[in-house]
Structures are given as structure tokens and as C-alpha cells.
Amino acid sequence: MEKRFDPASYEDKWQKRWSEEGFFVAEAPSSRPSFCIMIPPPNVTGNLHAGPALQTTIQDLLTRWKRMSGYNALWLPGTDHAGIATQLMVERQLIEEGTDRQSLGREGFLERAWEWTDQHSGNIRVQLDQLGASCDWTRERFTLEEGLSKAVRSAFVRLYREGLISRGEYMVNWSPGLETAISDLEVDMRPVEGKLYHIAYPVEGSDERIVVATTRPETMLGDTAIAMHPEDDRYAHLRDAVAILPLVGRQVAFVADDVVEREFGTGLVKVTPAHDLTDFELGRRHGLESIQVIDRKGRMTPEAGEQFAGLDRFEAREKVVQMLQEQGYLLKVEDYAHNVGHCQRSGVPIEPMISTQWFMDVEGMAGQALQAVASGDLRLIPDSWNKTWDHWLENIRPWCISRQLWWGHQIPAWYTNSGEVFVAASREEAAELAGTDEITQDPDVLDTWFSSALWPFSTLGWPEETEDFKTFYPTDVLVTGFDIIFFWVARMVMTGMHFTGKTPFHAVHLTGLVRDADGQKMSKTRGNTVDPLELVEEYGADAVRFTLAILDSPGRDIPLDPDRMAGYRSFGNKIWNAVRFSLSRVGSATVQESLDVTELAAPERWILSRLSKTAAEVNERFAEYRFDEACQRLYHFFWGELCDWYIELSKPALAGESPRPQVGEVLLTVLDRSLRLLHPVMPFLTEELWQRLPGREAIHPATICLAPYPVGEEAWRDPVTEERMDVFFQIVAWARNLRAELGIPPRDKATLYISSESSELAAFLGRLEAMALPLLRLDAVHFEAAPDGAHSDVVAGVAVGLVVPERELSLEDRERLMAEREKLRAQHQRTLGLLENKAFLAKAPEKVVDQNRRRLEEILERLEILEAGLAADEPGSS
RNA sequence: GGGAGGUUAGCUCAGUGGAAGAGCACCUGCCUUACACGCAGGGGGUCGUGGGUUCAAAUCCCUCACCUCCCA
């Protein structure tokens with residue numbers, strides 16, 4: 001074996017073999033319990049970024065763990081057609097070619113979009129493979145494929161017939177950048193340093209001029225009223241008056257409505273029903289006319305007046321302001337910071353606009369989703385999201401599901417020449433309903449998230465009652481970023497419960513955001529994005545996975561630090577070398593399925609006990625989605641216990657210097673189980689090494705992927721041995737520390753004295769003599785009181801002494817000892833104070849009191865020895 | 001304006017009532033034939049502020065400060 005591990009030399013090989021052998025193909029039906037995760041489908045033409053790499057790791061970890069634990073585990077992969085994102089990419093390509101989608105026409109454009117999709121669709125799989133994802137690719141899905149499109153049409157028709165989807169004219173968030181309506185969620189509120197314009201409107205038939213304040217003066221061209229608060233006495237006299245719109249000359253009435261804030265500006269506001277949501281609703285209440293002065297591209301319409309028509313809305317603003325100024329209507333301009341809705345995708349300010357769109361009434365479904373979390377049927381992890389969940393669902397508004405795009409599921413609604421609408425799963429059905437063939441399909445497509453909302457069941461064949469659906473629905477857990485909790489998670493829960501009566505999963509593990517090493521959000525503009533595949537190339541997939549998993553603490557973002565990753569790459573190397581060492585020393589020993597611990601010596605019993613404890617804890621932690629803690633325990637066990645202690649202790653036995661029974665078998669058996677424990681996090685390395693363990697083929701399947709996940713052997717647990725070994729370790733650490741502090745060169749030998757009042761413990765330590773010698777470079781260990789002149793102390797209740805080559809205590813040594821004395825004296829004071837405190841003695845549990853009594857005894861003993869040592873070595877005393 | 005989270009060693013973070021932890025970084029010694037992506041040892045923290053509950057608080061409660069994010 002190579003001295004250093006080289007992930008690149010085996011990762012591809014194993015991914016290929018796993019896939020060829022079909023290890024990840026799930027059964028339906030199955031006699032085994034099912035476990036299912038649906039991948040959050042990445043954009044079909046996209047790349048896997050850091051966030052999805054984290055989620056991929058967690059999903060794979062869970063799937064592999066469950067698969068090894070005997071479940072019929074399915075991790076279903078797939079991609080999303082990503083309506084707007086993909087359409088934009090294709091359009092950009094067209095522009096580069098000097099054409100555009102309009103000139104290509106719908107059919108031609110879709111052809112190009114499919115071409116683009118087909119070209120890129122394999123990309124995601126390549127990336128998932130490189131991360132070691134154990135997806136069942138025989139079940140791969142795409143949101144725009146025929147099967148899922150059928151589910152989309154079916155869901156749409158059903159909701160329409162239930163009255164939950166309808167078409168109507170309403171105020172929507174219009175993106176002039178994309179020239180489509182978008183949903184509330186696709187609008188970002190951004191702070192803008194704007195202006196507040198105070199404009200005078202003359203009152204007809206009087207000299208009075210009233211004043212309104214607005215941040216959008218260009219919309220005054222579409223004003224159809226002035227509003228005041230009904231109880232605002234200042235303007236009561238204007239109730240029946242009429243104002244004259246400057247520049248336009250139109251008469252506008254005054255209306256009273258309690259949405260008007262008396263404190264804002266002058267307490268009078270202009271009303272533009274066609275371009276503001278509040279004004280729109282106000283207009284409906286008061287039967288006001290709507291005048292659309294801004295068009296789909298954000299330009300002024302002819303309705304805005306001759307001199308404005310065709311101007312961009314922001315140019316129009318300047319011109320309106322300038323003209324108001326010239327004509328003496330502009331009274332004041334103030335700086336005004338406020339939040340303005342922007343199109344998330346194109347970045348341009350949203351234009352509220354009245355438009356005919358399809359809406360989904362989600363209020364009832366939201367109630368079900370609220371109930372699901374409240375009742376515990378659905379767990380959000382971490383549960384700090386519960387409040388956010390509730391708040392959003394309680395205030396939910398109808399979902400605008402139509403988009404003026406071409407790439408997506410075309411709305412299954414057809415219109416007759418007279419404008420009558422027929423919603424049906426197919427054109428034929430619609431024609432039948434309409435009683436005519438002269439029908440035209442609605443040109444709009446559905447919001448991408450509409451098909452995503454059906455993902456957990458549409459991928460399993462819904463609306464058909466397929467074997468897959470029966471076997472895997474509802475799924476178990478969803479792993480995704482919190483940023484799409486409403487876009488996606490809530491909507492899946494709503495539609496899932498509506499259509500299937502069940503929550504589509506029982507738990508949602510919401511991961512934090514992956515940030516760069518400095519904690520900065522990754523973004524293209526910052527240029528600090530990290531390509532997970534570059535990391536895989538540099539550190540190996542297992543190290544990337546381990547890093548992501550161990551950093552995934554609930555509710556916390558993940559800073560991706562290359563140093564950290566290098567550290568876990570070293571862990572891989574450590575594992576490699578532990579196996580390399582073992583294979584070279586175990587002779588003909590083989591991996592055992594079980595071991596009888598009663599015949600084993602203390603180090604063997606100890607490591608098996610620790611292994612069992614670790615296995616039990618790791619299973620527990622996984623079950624609670626605490627991958628960070630599980631990984632920490634694995635790391636600590638393998639490196640801190642197996643490598644640092646057990647392998648070191650096994651060396652004399654394996655070198656034949658001091659034979660102990662079954663050391664090779666124990667070592668191999670521990671490695672077998674350790675590798676299996678680590679496999680869900682580090683699949684490649686563990687498979688590569690596990691395949692080399694002699695004897696594993698006799699008791700296990702051909703791949704570690706399907707080998708049983710260790711749960712911890714009760715019979716191997718041995719707390720007494722653990723406790724005693726711990727005393728031994730403490731003594732070794734003490735002696736090592738002393739050697740280092742005294743500067744005893746490694747080549748110089750020393751003699752250790754150990755004397756314990758407990759005869760069992762003394763006997764136990766006595767049996768470890770052979771192992772202590774090389775660990776500490778000792779000549780001998782004597783089980784008796786240390787002679788005068790030895791460096792003595794008390795460690796874990798055991799009197800110990802070390803005799804080292806003649807050497808005078810230096811000034812530094814004395815200082816160190818004196819500092820130690822100060823520390824002990826302080827501890828003495830504190831512990832004594834505690835034990836003299838009557839309240840403590842009366843109220844603290846017996847266990848804690850005892851603990852402190854023992855502590856005090858040991859402190860006193862150590863102080864005595866230390867004082868003696870200092871006195872004996874007093875300069876000039878000898 | 002409402003809500004969530006954070007404030008613990010130089011950095012990034014674990015740690016929900018009984019003597020402050022990890023990884024990395026740093027310092028000192030070691031190439032001890034598994035591993036220098038290593039071994040051994042070490043330094044370093046009034047656990048944001050102020051109060052309260054308790055025999056005992058990083059941990060529970062309240063105040064304030066600062067940081068991040070979400071919603072309006």
C-alpha cells in the first residue's frame with residue numbers, strides 16, 4: 001500500500017462499480033421497511049454549488065446509513081426545468097447569435113431550449129457522482145418530462161374544478177425586466193434612497209390647494225382620486241369637493257378610507273388604482289376608475305398623455321417633476337429612504353400592475369400545513385423555524401401561478417373564439433367540453449414552483465397508484481436550505497396534504513448557508529463562490545463530505561475553510577495508515593463476526609467497549625440529525641482512541657515481543673466496524689480499505705454499502721475496564737508531561753513507580769507493564785512506593801513516581817513547580833470553601849459532595865508531595 | 001415596526017445546572033520503520049454587559065449593547 005492515500009486513485013472506480021452493480025436501486029414492492037429522500041431538484045442546466053453539495057452530503061449520509069441499517073432505501077434524483085432561469089440563459093444565447101425569441105417564435109424557441117437542456121442535463125449527475133451520491137438513477141425524474149407534466153396537468157385540473165384555481169384580473173407584481181408577472185416571494189424588498197415629492201393639487205371652485213406627498217410622481221398621471229382618513233377633521237370640508245390633477249387637468253374626487261395614515265405627509269394621498277396595491281384595493285372599495293399609464297416594459301402608455309407616452313417610467317418621473325416645478329405645483333422635495341420591491345431575478349424595480357392571471361387559493365391548504373407542524377406530523381429541524389412557518393402561512397395570500405414565459409408547463413386551459421375557458425388535462429378533452437375544435441390554449445406557463453410543489457409524489461408516479469408510490473410515499477425526510485422554505489417546502493406540504501392526505505415527509509432538515517472561510521455569503525459578484533468539485537479534486541470527496549457534515553450544526557451557517565478541510569483530509573490519511581499498519585502486522589488473523597470478550601486482555605476489552613459506545617452514540621446522533629456530533633465522535637474514536645492508544649498498545653503484541661491472544665483479530669474486527677461506521681460520511685475511502693480486510697468476505701456482502709451498520713454490542717461494554725484504562729492513560733500522560741517539562745531527551749530511559757491502595761487496580765496496572773515500557777521509554781516499572789529523590793505525584797488516586805537520569809532542578813523547573821503549587825492552593829481554597837458551606841452540604845446531591853471530598857483529599861496529597869519536592873531541592877539544602 | 005439566530009481560546013465553532021471543550025493556528029521537542037496530511041508536550045478564555053433564581057449558572061429568567069438574517 002502507498003504511504004499516503006490518494007483519493008483520486010479510487011473514487012471514480014468505486015462510484016462506477018456501485019452504479020454498475022445496481023447497489024443503489026431500491027425495490028418496489030419490498031419486504032423491508034422503506035426509507036426515501038427526494039432530492040431537491042437542481043436546475044437542469046445548472047451546476048452544483050456549495051449549498052447543494054452540503055445537502056447532497058447529508059442526504060447521502062442518511063440514505064447510506066439507512067440502507068446499511070436494513071432499509072429499502074431510495075434516494076430519488078432529478079432536475080428542475082427552472083422556467084425563468086433557463087429561459088433567460090437560452091435568450092442570452094440567442095442575443096449572442098443576433099436574434100431573439102420573438103423572431104424564433106414559440107415553437108422554435110422551445111426547440112432551442114430543449115436542445116440546451118439536453119446538452120446540459122447530464123452535468124448534475126456527473127457532479128453528484130463525484131461527491132459519492134448513492135442515488136437510484138433508474139428512477140431519475142425531470143419536471144418537464146411527460147410523466148411529471150401529466151401530474152402537473154392533473155393537479156391543475158383538479159384544483160380548478162375544486163374552485164381553488166381561478167383566473168382573474170388583479171394587481172400583480174409585474175417585472176418589466178422579465179415582462180412577466182411574478183409571485184410575492186420573487187420580490188425582494190431593497191432599501192432605496194429616494195425622494196418624497198410634495199405636490200399641490202388645486203381644489204375646483206376655490207383658491208385652496210391641497211398637498212399630497214408621493215415617492216412616485218409619474219403615477220399621478222393615472223390618479224383617479226385623493227384619499228383622506230374618515231376621521232381627519234382637517235379635511236372634512238373637502239369630502240364633496242373635486243381636485244384638479246396638475247399637468248393632466250382631470251377632475252378627481254376625494255374619498256375617505258381608513259387605510260390612509262394621517263401622520264404620513266399631509267394626511268392626504270393620491271390614489272393610482274392601476275399602479276399600487278393599496279390604491280387598487282381602495283379603488284375597488286370606492287368604485288374608482290383605473291387608468292393604466294405604464295405598460296409591460298415599464299414605459300408610459302398613451303393614456304399618460306401625449307408628451308409622456310413611450311417614455312421610460314423613470315424618465316417620465318423626471319419630466320413630470322420638471323413640469324410640476326415649472327408650473328408651480330412642486331412645493332417641496334425631501335430625501336426619503338424607503339424599501340422598494342425589486343424583481344429577484346432581473347433586479348429591476350417591480351411595477352405593480354393590473355393584469356389577468358391565474359391564481360391559486362392556498363388559504364385552506366395553508367391551514368393544513370400549519371396543523372401539520374403544530375401536531376408534530378411534520379418536524380422542522382431546527383424547530384426555531386416553527387414561528388416563521390406559522391407567521392408566513394397565517395398571512396398567506398393567493399399565489400399567482402401564471403407566467404408570461406414559454407419555457408415551462410403551458411397552462412391546460414383552452415379558450416373558444418367567444419372567450420369561454422375550458423380547463424382539461426388535454427386539448428381533446430377541452431375540445432369535447434367546449435363542443436368545438438376551434439379552441440386556443442392559454443399561452444402562459446405555470447410558475448416553476450408549481451411543478452416543484454408536486455415533486456415528492458409526482459416523481460413516484462402520482463396520480464397513478466404505482467408500486468413506487470405505495471412503497472415510498474410519504475417520504476421520510478427532506479434536506480434543503482432554509483432559503484426555499486416557502487418557495488418550495490411549504491408548497492409541497494400544502495399540495496401533498498391536499499392531494500394525498502399526508503404530509504409528503506415527516507421531517508425537514510434545514511441546513512445553514514455555506515459561506516466562505518471569512519464567513520462572507522458566497523456570490524458571483526463577490527467572486528468568492530467555491531466550486532465543490534474543485535474541492536473534491538484537491539481534498540478528495542470524503543474530506544469534503546466530512547467537513548460539511550461535521551460543520552452542519554443546527555441553525556448555524558457553515559464557513560468553508562480550506563485549512564479545516566485539509567485537516568479532515570489528514571483524517572482520511574490517518575485511516576488509510578491505520579489500515580496499512582494493521583494489514584502488515586496481523587499475519588493470518590481475520591475479521592470476526594463476533595468476539596468473546598471474556599478471553600481478552602484489558603486493551604482489547606477497552607477498545608471494543610469504546611467501539612460499542614461510539615457505535616451506539618453515532619446511531620443516536622444520526623437519528624437526531626446531529627451529523628456534527630456524530631462526526632466528532634467518529635473522529636475522536638478513530639484517531640484519539642483507536643490510533644493514539646489502542647494501536648500503540650497493540651504494537652508489542654503484534655511485533656511478537658509480548659504476545660497477547662487475539663490482538664490481530666480484535667484489531668481487524670475493530671477496523672471492519674469502524675470503517676462501516678464511517679462509511680456514510682466517507683464512502684470511497686472506507687470501501688477501498690474495507691475490501692482489503694482479510695476475512696470480511698466470509699461474513700459480509702460484496703460491498704460495504706450493503707454491509708450492516710454497527711449498532712454497538714451490549715456484551716462488549718465494559719465500564720470497569722474503561723475506568724481502569726483511564727487511570728493508566730492518565731499515568732502515562734503524567735509521565736510524558738514530566739519528561740517533556742524536565743527536558744529528558746527521548747533516548748534517555750527512566751523508571752516508573754506505581755503504588756495503588758487498591759489491590760485490584762494495582763494488579764490491573766501490573767498487567768499493562770509490557771505496554772507501558774515502549775510508550776514511555778522506560779527501563780522498568782516497579783509496583784512499589786517511589787524512592788526518595790523521585791519525581792512524585794498523585795494521579796487519579798494512584799501514587800506515582802518517576803526516576804530520571806541525574807539532573808539538577810533548574811530555575812525554570814522551580815518556577816514551574818511553584819506555579820503549580822499556587823494553582824493547587826487556589827483549588828484547595830475553593831474546594832474547602834465548598835465543603836465548609838452548610839447549605840452546599842445540605843442541598844447538593846451526595847454524589848457531588850463525595851466528588852468534592854475526594855478532590856480535596858487529592859489536592860492535599862499532591863500539595864504535600866510538591867512542598868516536599870521543593871523543600872528537598874531548596875538551593876543549598878543538599 | 002414584527003420575528004429568528006448569534007455574542008465561549010488568535011480563527012471557525014461544540015457544549016441546556018455540578019471543577020471551561022474541539023479542529024485549525026501558535027510555541028517546544030521528536031523523521032520513535034502505519035502515518036511529518038505524523039508523534040509527544042505546552043501556552044492561551046473574568047464563556048458580550050448589568051441584574052435575578054439556585055448550595056451551585058457558559059448553561060435558567062430579566063435588562064442593555066453589538067452583529068446576522070427573515071418578514072413588513
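Excluded from the calculations below are hydrogen atoms, water molecules and symmetry mates; all remaining heavy atoms, backbone and side chain alike, are included. Numbers restart at 1 for each chain; the letters A, B, ... are given by sequence-line order, proteins then strands.
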Given B/rG41, B/rC37, B/rG18, identify the nucleotide with an atom nearest to the side chain of A/N737.
B/rG41
Taking a pair to mean Watson-Crick or G-U wobble geometry with both distances below 3.5 Å, B/rG45 pairs with none
Can you confirm if the NZ or CZ of A/K613 lies within 45° of the ring axis of A/F637 and under 6.0 Å from the centre of its six-membered ring?
no
Which one is paired to B/rG50, where only Watson-Crick or G-U wobble pairs with both distances under 3.5 angstrom count?
B/rC62
What's A/I647 touching, base or sugar-phosphate or nothing? Going by heavy atoms closer than 4.0 Å.
base
A/N573 CG - B/rC39 C1' separation (whole Å):
14 Å
Judged by modelled atom types alone, do A/T480 and A/Q55 share a side-chain donor-acceptor pair under 3.5 Å?
no
Residue pair A/A733/A/C643 against RNA chain B: nearer the 5' end by closest nucleotide is A/C643
Distance-only donor-acceptor pairs under 3.5 Å for side chains of residues 846-857 of chain A, two or more places apart:
unit_1, atom_1, unit_2, atom_2, d
A/N852, OD1, A/R855, NH1, 2.8
A/N852, ND2, A/V848, O, 2.9

Closer than 4.0 angstrom, basic N to acidic O: yes or no for A/R696 and A/D672?
no
Taking the basic N atoms (NZ, or NE/NH1/NH2) and the acidic carboxylate oxygens, is any pair closer than 4.0 Å for A/E741 and A/R736?
no
Say you pick atom P in B/rG45 and the same atom in B/rA40; how far apart are they, in whole Å?
25 Å
Would you tabulate the nitrogen or oxygen pairs shorter than 3.5 Å linking the protein to nucleotides 3-5 of chain B?
unit_1, atom_1, unit_2, atom_2, d
B/rA4, OP1, A/K387, NZ, 3.0

Not counting sequence neighbours, list each pair that qualifies as a ring-ring contact (aromatic ring centres under 6.0 Å, His included) and has a residue in residues 543-565 of chain A.
A/F546-A/Y568, A/F546-A/F571
Please state whether the rings of A/W639 and A/Y635 are parallel, tilted or perpendicular, taking 30° and 60° as the class boundaries.
tilted
Nearest to the A/E648 side chain among B/rC37, B/rG41, B/rC35, which nucleotide is it?
B/rC35
Do A/R491's NZ or CZ and the ring of A/W399 fall within the cation-pi criteria of under 6.0 Å and 45°?
yes
Both distances below 3.5 Å, Watson-Crick or wobble geometry, any strand: find the nucleotide opposite B/rC69.
B/rG3
Specify the separation, in whole Å, of atom NZ of A/K847 and atom P of B/rG17.
12 Å
Report yes or no: is there a donor-acceptor pair, N or O only, under 3.5 Å between the side chain of A/R736 and the base of B/rA40?
no
Do A/D628 and A/R626 meet the salt-bridge criterion of a basic N to acidic O distance under 4.0 Å?
yes
If you look only at distance, which donor and acceptor atoms sit under 3.5 Å apart when one is on a side chain in residues 824-837 of chain A and the other is two or more places apart or in another chain?
unit_1, atom_1, unit_2, atom_2, d
A/R825, NH1, A/E822, OE2, 3.2
A/R825, NH2, A/E867, OE2, 3.0
A/T831, OG1, A/Q827, O, 2.8
A/N837, OD1, A/A839, N, 2.9
A/N837, OD1, A/F840, N, 3.4

Assigned partner base of B/rG23, Watson-Crick or wobble definition, under 3.5 Å:
B/rC11
Distance test, side-chain N/O of A/K651 to OP1/OP2 of B/rU33, below 4.0 Å
no
Output yes when A/R345 and A/E186 qualify as a salt bridge under the 4.0 Å nitrogen-oxygen rule, no when they do not.
no
Does the protein touch nucleotides 20-32 of chain B at the base, only the backbone, or not at all? Give it as B, S and - per nucleotide, heavy atoms under 4.0 Å.
---BS------SB
By nearest atom, which of the nucleotides B/rA34, B/rG18, B/rC13 is closest to the A/P559 side chain?
B/rC13
Please give the distance between the C1' atoms of B/rC67 and B/rU8 as a whole number of Å.
16 Å
Partner of B/rU28 by Watson-Crick or G-U wobble geometry, both contacts under 3.5 Å, or none?
B/rA40
B/rC55 pairs with, by Watson-Crick or G-U criteria that keep both distances under 3.5 Å:
B/rG18
Taking atom P in both B/rA20 and B/rA56, compute the distance separating them and give it to the nearest angstrom.
16 Å
5'-most by nearest nucleotide on RNA chain B - A/D628 or A/M189
A/D628
Give the nucleotide from the list B/rA14, B/rC71, B/rA34 with an atom nearest to the side chain of A/R580.
B/rA34
Under 4.0 Å, heavy atoms only, any strand: does A/R626 hit a base, just the sugar-phosphate, or nothing?
sugar-phosphate
C1' spacing across the pair B/rC47 / B/rG6, given as an integer number of angstrom
14 Å
When you measure from every atom of RNA chain B, which of residues 836-845 of chain A have a heavy atom less than 4.0 Å away?
A/N837, A/A839, A/F840, A/K843, A/A844, A/P845
Counting the atoms with a prime plus P, OP1 and OP2 as sugar-phosphate, which does A/D644 contact under 4.0 Å by heavy atoms, base, sugar-phosphate, or nothing?
sugar-phosphate
Taking the P atom of each, how far is B/rC39 from B/rA25, in whole Å?
13 Å
Please report the distance separating the C1' of B/rU28 from the corresponding atom of B/rA58, rounded so that it comes out in whole Å.
32 Å
Can you tell me the Watson-Crick or wobble partner of B/rA34, both distances under 3.5 angstrom?
none
